[in-house]
Amino acid sequence: MRTALITLPTYKEYNNLKSLIPAILEQQKKTKIWDIKILVVDSNSQDNTDKLIKEFQKKYKDKIYLLETPKEGLGKAYYKGFKFALEEIKPYVVFEMDADWSHDPNLIPTFLKQIEQGYDFVIGSRYIKGGSIPDNWGIHRKIFSVVGNIIIKLGFAKPKITDWTSGFRCIKVWVVKQVLEKVKKYNSYVFQIAILDNALKNKARIAEIPLKFKDREEGFSKINSLQYIVHTLFYVFTHSPFLLFIYVGSLGFIIDFSVSWILIHLLNMNKVISNGIGAETAIFSNFMLNNFFSFKHKKITGKISGYIKGFLKFNFISIGNVLVQMFGIYLLLKFFGDKDLIMLNYSVPSWTVYKIIIITFFIVPLSYTLYNKIIWKN
Ligand code: GDD
Ligand code: MN
């Protein structure tokens, strides 16, 4: 039998654990292929959780583990729990699950079915058909959860995953082994976003099953909403390949200008040649920075010939961009005219507005797509 280990991080959940642990182990009756075990990671709750677990350990032989940790946040509790699981328990899958009855233990066999189907990472989703968030959640919490998920979804350009922040998941251990050290530094709730992002970058196959999230009835929530918002935004803005690609492109623009300016004004070089050198320097730096930064999870490695090929392709796409831009300017000038536009009391030449429109709506999405399809393929 394969072990399915349910990891329960707990801080002051005595009353919930009393009924939840038997309800989880009850699931064993529904399966003959999985050995269901529980790892409680308790952060010094001081409410007799430890005594309760020790009693359960006597009742349910070899089914329950207790790991005691200092209180360092949900992410840290999971990190330590998973590390302990890999070293001491060696399960086939680990679950993430809240210990406050928000997550229905009756869903455990449904998660395992998806694993049997070949998925590596199964998410209990509140945002697919059949899933839900509690009606009694305040409007703030609803907006926060929905908007948060939309921002993450856009940032990572993964429209198919509907619930990035859910805390009820089942993960194959090979995925955990690949990503655990990379997510070690995320102590707070953002750990859950980080582990999913890294799983995707390691090509884990993801499935979602509907989850009806229930509000807790006992105890209190430990989430720090403001901290969670800040950590989530920071994570997305520093890990989204698309945003990193935008930063690299903006830097390229500055490099192009600076190099051209230095060559023209300090070295008195020819303006046309200087601009060419400036542009090519920016293309080179964009290529290198995208390789080691924006697309580092699928970066070109190994032989120098691989780099040269990639760089040549990158140059071709850049030339394509120039042509698209010229053609776009031609069309817009032709159809919308070549007059100055009045914006906020300033008069601006129409071509500058056209250029911004073309770059934002054509060049940026087009080159991002081409890089993903031609240079940094999966
Ligand atoms: N060991 C340990 N240490 N456990 C912790 C800690 C900690 O520092 N902080 C929280 N927990 C435990 C809680 O005792 C509970 O079992 C579980 O982690 C979830 O914590 P809650 O405090 O109940 O979280 P929530 O209901 O506000 O947040 C929910 O939504 C988040 C965002 O969607 C949960 O489902 C989270 O998992 C989810 O990330
Ligand atoms: Mn909760």
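Both counts, for ligands and for their atoms, begin at 1 and track the order of listing.
Ligand 1 lies within reach of R126, whose nearest heavy atom is under 4.0 Å from it. Contact analysis puts R141 in contact with ligand 1, with a non-hydrogen atom separation below 4.0 angstrom. Residue S102 places every heavy atom at 4.0 Å or more from ligand 1. The closest approach between a heavy atom of F213 and any atom of ligand 1 is below 4.0 Å. Using a 4.0 Å heavy-atom cutoff, R216 is listed among the residues neighbouring ligand 1.
When hydrogens are left out, the protein atom nearest atom 24 (O) of ligand 1 is Y189 OH, 3.3 Å; that is the closest non-hydrogen contact. Protein heavy atom nearest atom 11 (N) of ligand 1, with residue, atom name and distance: L74 CD1, 3.9 Å. In terms of protein heavy atoms, atom 31 (C) of ligand 1 is closest to I223 CD1, 4.0 Å. Among protein heavy atoms, the minimum distance from atom 35 (O) of ligand 1 is reached at D98 OD2, 2.4 Å. With hydrogens left out, the protein atom closest to atom 32 (C) of ligand 1 is T165 O, 3.7 Å, a heavy atom. Regarding atom 7 (C) of ligand 1, its nearest protein heavy-atom neighbour is G73 C, 3.6 Å. Looking from atom 1 (N) of ligand 1 to the surrounding protein, the closest heavy atom is S43 OG, 2.8 Å. Among all protein heavy atoms, the one lying closest to atom 13 (C) of ligand 1 is E13 OE2, 3.2 Å.
The backbone and the side chain of K222 each have at least one atom closer than 4.0 Å to an atom of ligand 1 (non-hydrogen atoms only).
Not one N or O of Y228 is nearer than 3.5 Å to an N or O of ligand 1, by distance alone. Distances between N or O atoms of F220 and those of ligand 1 include no value under 3.5 Å. For ligand 1, the polar-atom distance check finds an N/O of S221 within less than 3.5 Å of one of the ligand's N/O atoms.
For residue D98, no N/O/S atom approaches the Mn ion (ligand 2) to within less than 2.8 Å.
Y235 and H239 have parallel rings, their planes meeting at less than 30° on a 0 to 90° scale where 60° marks the start of perpendicular. Ring pair F95/F168 is tilted by interplanar angle, where 30° to 60° counts as tilted.
The line from NZ of K76 to NZ of K71 is 13.5 Å long, rounded to the nearest 0.5 Å. How far CZ of R169 is from CG of L211: 11.5 Å, rounded to the nearest 0.5 Å.
Contact record, P349 with D340: CA-OD1, 3.5 Å, taken as the closest heavy-atom pair.
Numbered from 1 in the order shown, with element, the atoms of ligand 1 that lie under 4.0 Å from a heavy atom of T10 read 1 (N), 2 (C), 4 (N), 14 (O). Listed by atom number, the atoms of ligand 1 under 4.0 Å from Y11 heavy atoms are 4 (N), 14 (O). Residue contact check: A77 has heavy atoms under 4.0 Å from atoms 1 (N), 2 (C), 3 (N) of ligand 1. Those atoms of ligand 1 with a heavy atom of A99 less than 4.0 angstrom away are 15 (C), 16 (O). Taking a cut-off of under 4.0 Å to the non-hydrogen atoms of K71, the atoms of ligand 1 that pass are 8 (O).
Both the sub-6.0 Å distance and the 45° axial angle are satisfied by K222 relative to the ring of F220.
Heavy-atom contacts from other residues, nucleotides or ligands closer than 6.0 Å to CE of M1 number more than 12. By the 6.0 Å contact criterion, NZ on K30 is enclosed, its count of non-hydrogen atoms from other residues, nucleotides or ligands being greater than 12. In D135, the CG atom is not crowded: 12 or fewer heavy atoms of neighbouring residues, nucleotides or ligands sit closer than 6.0 Å.
Checked against F242 for a ring-ring contact (aromatic ring centres under 6.0 Å, His included), the options Y368, F156, Y247 give a single hit: Y368.
Ring to ring, F287 and W376 are close: their centroids are under 6.0 angstrom apart. Between H103 and F213, the ring center distance clears the sub-6.0 Å criterion.
Side-chain contact between M97 and F111: absent, with no pair of heavy atoms (C-beta onward) separated by less than 4.5 Å.
When you scan the N, O or S atoms of D100 for the one nearest the Mn ion (ligand 2), you land on OD2.
Linking ILVMFWY residues whenever their side-chain heavy atoms come closer than 4.5 Å, directly or via other members, leaves V236 and Y127 in distinct clusters.
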